[in-house]
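Notes follow once the structure below has been shown.
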Amino acid sequence: KKPASDDDDDEDDEEEDEAPRGRRGANRKKLAKKRGGNDDEDESEDEPPKRKRGGAANKKKGGKAQDSDEEDSDVGKGKKGKKGGGKKGKKEEEEEETKGKKGDGKGKGKGKGKDDDKDKKKKKKKGDSSSDSNSNSSEEEESMSEGEMARLMEEVEEKKKLIANIRNKPWRMQRRLKLLKEAQEFVDKFEGALGKGKGRKWYAYKVMMTKVLMGLPYGSIPRKTVPRAEQDTAQDYSVLMDFNVSLAQNELFSFSFFFACPIWFFSRQNCCLKTNKDTQWIYFARWIITGYCKYSVLFYGYYNDQRTVGVLKFRLPLSYLMVGIGTFGYSLMLVIRTMAKNADVGGGDGEDSDFTFAWKMFTSWDYLIGNAETADNKYASITTSFKESIVDEQENQKDENIHLRRFLRVLANFLITCSLGGSGYLIYFVVKRSQEFATRDDLSWYEKNEMEIVMSLLGLVCPPLFETIAELEDYHPRIALKWQLGRIFALFLGNLYTFLFALFDEVNTKLEEEQSIKNASIWAMKEYYANYSRLMNDSEATPPPMDPADVIRGPCWETAVGIEFVKLTVSDIQVSYLTILIGDFARAVIVRFLNYCWCWDLEAGFPSYGEFDISGNVLGLVFNQGMIWMGAFYAPGLVGINVLRLLSSMYYQCWAVMATNVPHERVFKASKSNNFYMGLLLLVLFLSLLPVVYTIMTLPPSFDCGPFSGKDKMFDIIMETIDLDLPAFMGTLFSYAANPGLIIPAVLLMVLAIYYLNSVSEAYQNSNMELKKKMKMARDEEKNRRNNADTTNQVMKDLEDLLPNRSLIPPAPPEPEKPPEQEPKPKPTKTKPGTAGKGVNLQKDVALASSNPNARGPVSRPPGPRGPGPGPGAGPGRGRGRGPPPR
Amino acid sequence: MGNKQTTFTEEQLEAYQDCTFFTRKEILRLHARYRELAPHLVPLDYTNNPDIKVPMTLIVTMPELKENPFRERIVETFSEDGQGNLSFSDFIDMFSALCEASPRELKTIYAFKIYDFNRDNFICKEDLEKTLNKLTKGELTPEEVTLVCDKAIEEADLDGDNKLSFADFENMISKAPDFLRYRHLFCYVFIF
């Protein structure tokens with residue numbers, strides 16, 4: 001290279017012989033640095049004239065500065081990635097770049113990060129140079145010119161910057177310490193001299209302040225020491241749990257705020273607490289609920305129909321209805337809003353499939369793991385996740401006996417439908433039977449609790465059964481998980497609805513019974529009054545001499561429904577707790593301790609430890625929430641029970657998972673953004689809304705219990721309020737608002753709005769797809785461009801082939817040939833060094849070169865060694881981006 | 001770590017504080033940990049910068065590192081001689097780069113160095129295979145390993161040279177979701 005560049009014109013000379021020096025400096029950093037300092041001195045002397053010349057060249061033709069810039073970036077590129085080695089070269093490049101900027105503002109298009117990198121290099125070099133020249137700079141200080149002053153100030157600023165973020169540099173500590181010392185010395189020396197700062201003290205103060213500012217947040221971040229092995233697996237669950245807990249708490253708050261509290265505060269105690277304590281119930285919960293709590297704040301029947309309560313005239317019935325409905329509205333809003341937020345988050349990084357394997361490779365190890373067992377688990381989970389990805393990958397290609405699989409899938413679905421239907425019928429049957437039992441007294445424990453037991457058993461048995469059947473289908477695990485969830489969901493929902501229908505039957509019989517009691521009591525009352533007035537012979541009616549608790553009361557179907565729901569919830573709690581205790585804890589204990597005296601390895605073999613069944617638990621939560629929604633109207637206290645249940649089960653399950661479960665072999669989240677579960681929740685909410693609204697709208701409330709007693713329909717309370725409490729014009733206003741003429745257009749408007757928004761979102765989706773496609777294309781193109789043109793871009797290759805093959809031309813015109821090798825760069829340099837599409841620019845480059853032959857010096861040397869041969873001088877120019885850089 | 005002045009001079013502490021993400025206390029604590037590894041080798045007095053190195057075999061027994069599949073590689077990367085022997089400066093450098101406060105850019109650079117097993121400044125197929133075997137404890141069959149490595153390179157390689165340069169690596173990491181990046185790329189919690 002050296003001899004080759006010797007005969008270049010003097011302008012190129014400097015840069016060209018500095019470059020190899022930089023390359024040589026790979027291993028001798030120290031030496032190179034020193035020399036860099038010396039070079040710097042030389043260069044800074046040379047700088048002004050050179051710049052001038054560069055500018056002149058620019059004016060003339062297009063880029064001396066560019067040219068030199070390019071040359072160095074070329075060298076830098078050759079060693080790109082060789083961190084140590086490239087240092088010197090980069091320094092040069094950087095120097096040139098600043099020059100270029102001053103000259104004509106080119107070369108600004110470099111990446112920011114790279115600039116940063118260079119800046120610090122520059123700083124470093126300057127530090128060296130200054131430390132070298134410290135000795136003689138002291139006497140020069142007095143005679144500093146304005147320009148030097150400015151330069152020095154700039155340097156001091158840079159030094160300060162360096163000191164501030166030296167910890168962010170990827171250097172060895174020794175080097176960091178050394179540079180830091182130098183920089184500090186430099187700043188101390190010149191800051192005072194420049195009269196800018198107040199010397200060391202001021203600087204120390206500043207450093208301290210920045211340290212305080214930077215250091216505090218880092219220090220105050222609480223360090224997390226929770227083992228994280230379980231985190232991924234339970235993420236779905238915990239998110240939903242959080243959501244449900246907050247929802248339940250909100251509901252509890254609203255319920256208690258709006259009617260429990262006012263009653264406690266203002267009303268006189270309801271006097272209906274007469275329990276049949278003599279009956280011995282074995283089933284504790286049942287006894288508690290039906291015996292003791294029946295007329296408690298827990299249930300509908302507790303609340304009475306006083307129009308206003310207390311001094312504040314709290315309108316209890318109205319608020320009961322409003323809160324009951326409002327809870328649904330609030331829940332709906334919350335679910336929808338969460339889903340929308342999740343969709344936002346999920347949509348943010350849609351290009352997840354781009355780096356599946358690479359991410360897995362480089363980011364799957366959790367660097368916090370410090371425990372051998374956790375590490376083993378992590379190894380296992382990483383292995384399986386890789387295997388899953390491999391399966392995914394292979395799934396794309398393989399196709400097998402499609403008919404057999406189709407048959408199996410149909411068969412599996414058939415089986416599952418059968419079991420779903422069976423379980424539905426079983427529940428219906430059991431509920432019917434329980435109604436039969438309700439009339440009898442001589443019941444065994446089983447007969448009393450048959451329904452709850454059967455429902456819990458179904459919930460326990462069916463999911464594993466479905467899982468077994470799903471093996472037939474041989475879906476991809478993620479799809480299989482979704483199917484499984486859907487089926488369990490259908491099971492739960494079917495059970496719930498069967499239960500509801502059976503309940504409606506019961507309600508209807510209760511209603512008839514109630515009607516008869518009502519008639520009877522009205523008749524009795526009339527008779528009593530008739531007798532009373534006949535006997536006493538006066539018209540003022542005193543109430544009958546009877547303990548109010550002894551009055552024959554109607555069955556109060558609302559309370560009955562509430563009781564059913566509470567019983568279901570309580571038994572559900574019991575079953576789930578017992579399942580954890582037996583299925584997980586006892587199993588873990590057995591496996592752990594029997595393992596010492598067993599014929600096979602229990603831990604690794606058949607029973608093993610339990611896994612945390614995410615899908616089952618999540619669905620349990622969803623289902624439970626649905627039950628709460630349904631029952632809350634008839635048993636407001638259910639919400640409180642639910643809060644207790646959620647909180648306790650959170651800690652209980654947390655303990656169980658930590659103590660007895662092992663992490664999943666395979667982790668598949670059903671959806672990235674949790675919206676799958678939220679969707680289920682929304683569906684459940686809607687489905688549980690239906691029966692409640694149906695009962696509110698159609699069934700007559702009981703005549704002698706609850707806030708709506710005496711009304712034909714529950715919503716009459718609203719009419720009553722409008723009539724009695726609001727000014728008259730409000731009534732007319734409401735009657736207008738309820739006019740179909742107003743409602744139908746409103747509905748129409750909403751439908752149109754939905755249609756419009758839908759189409760807008762579709763349009764966005766399309767443009768999104770388009771953009772993604774473009775990005776992918778851009779990426780491919782970049783790949784191609786950076787890549788060797790030979791392999792990727794056939795068209796370019798063909799074009800290049802059509803050009804005169806210069807490598808075969810004997811080196812007759814040596815100078816015109818040299819420029820094409822160096823000149824292609826100016827154009828692409830603006831965007832990125834080394835992405836030059838060589839073939840494209842070649843023609844123009846040749847033209848450029850030939851139009852300005854006198855930019856090069858005269859030929860002073862026989863052309864022999866400069867030919868197409870493997871001279872190192874030609875290397876960086878031609879072989880750019882092709883193959884590995886020189887090591 | 002009671003007597004501060006005897007371990008480091010004030011200037012040394014200042015310098016270390018400027019060069020790392022640690023506070024004075026943490027630096028002293030780290031020195032104590034360092035000394036624990038080889039009490040007979042490491043002096044308490046560091047004021048005159050003794051040139052002492054602790055071999056890799058001792059370093060990797062630290063609880064922070066001992067379960068890490070890349071522990072040897074990490075130590076090697078941060079040692080100045082490339083053999084895994086760490087002087088105290090290297091030691092503190094390593095933990096500074098691995099600690100929670102260090103920025104992602106720095107972590108990315110060091111991560112790249114760590115995954116570059118053969119130190120050619122590219123992550124090539126060979127490096128990927130080593131990484132994978134360490135991550136899975138060799139549970140995958142050779143065919144699977146080849147498949148995974150091919151796919152990973154295919155995904156992340158932008159310039160088509162069948163190996164990952166730093167630019168490719170950085171690009172790939174920068175697109176990773178946050179939770180992967182922050183928790184799983186590099187992050188240590190000290191058991192101080």
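Chain naming here is simple, since letters A, B, ... match the order of the sequence lines and numbering starts at 1 in each.
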Revision key, fill the gap. Scored by heavy-atom pairs under 4.5 Å with chain A, the best of B/Leu164, B/Leu147, B/Leu128 is B/Leu128

Check your understanding: Around A/Lys181, counting heavy atoms of other residues, nucleotides and ligands shown, do more than 12 lie under 6.0 Å from its NZ?
Key -> no

Check your understanding: What's the shortest heavy-atom distance between A/Tyr379 and B/Lys137, and which atoms?
Key -> CE1-CE, 3.1 Å

Practice item. Mind checking the CG-OG1 spacing from B/Leu132 to A/Thr383? Nearest 0.5 Å is all I need. Key: 8.5 Å

Point to revise | Segment of B/Thr141 engaging chain A (4.5 angstrom heavy-atom cut-off) | key: neither

Check your understanding: Can you name the nearest heavy-atom pair linking A/Leu180 to B/Cys19, along with the distance?
Key -> CD2-SG, 3.8 Å

**Study point:** Between B/Ser87, B/Ser79, B/Cys149, the one whose heavy-atom pairs under 4.5 Å with chain A are most numerous
**Key:** B/Ser79

Exercise for review: Would you mind telling me which of B/Ile123, B/Thr136, B/Leu135, B/Thr131 has the largest number of heavy-atom pairs within less than 4.5 Å of chain A?
Suggested key: B/Leu135

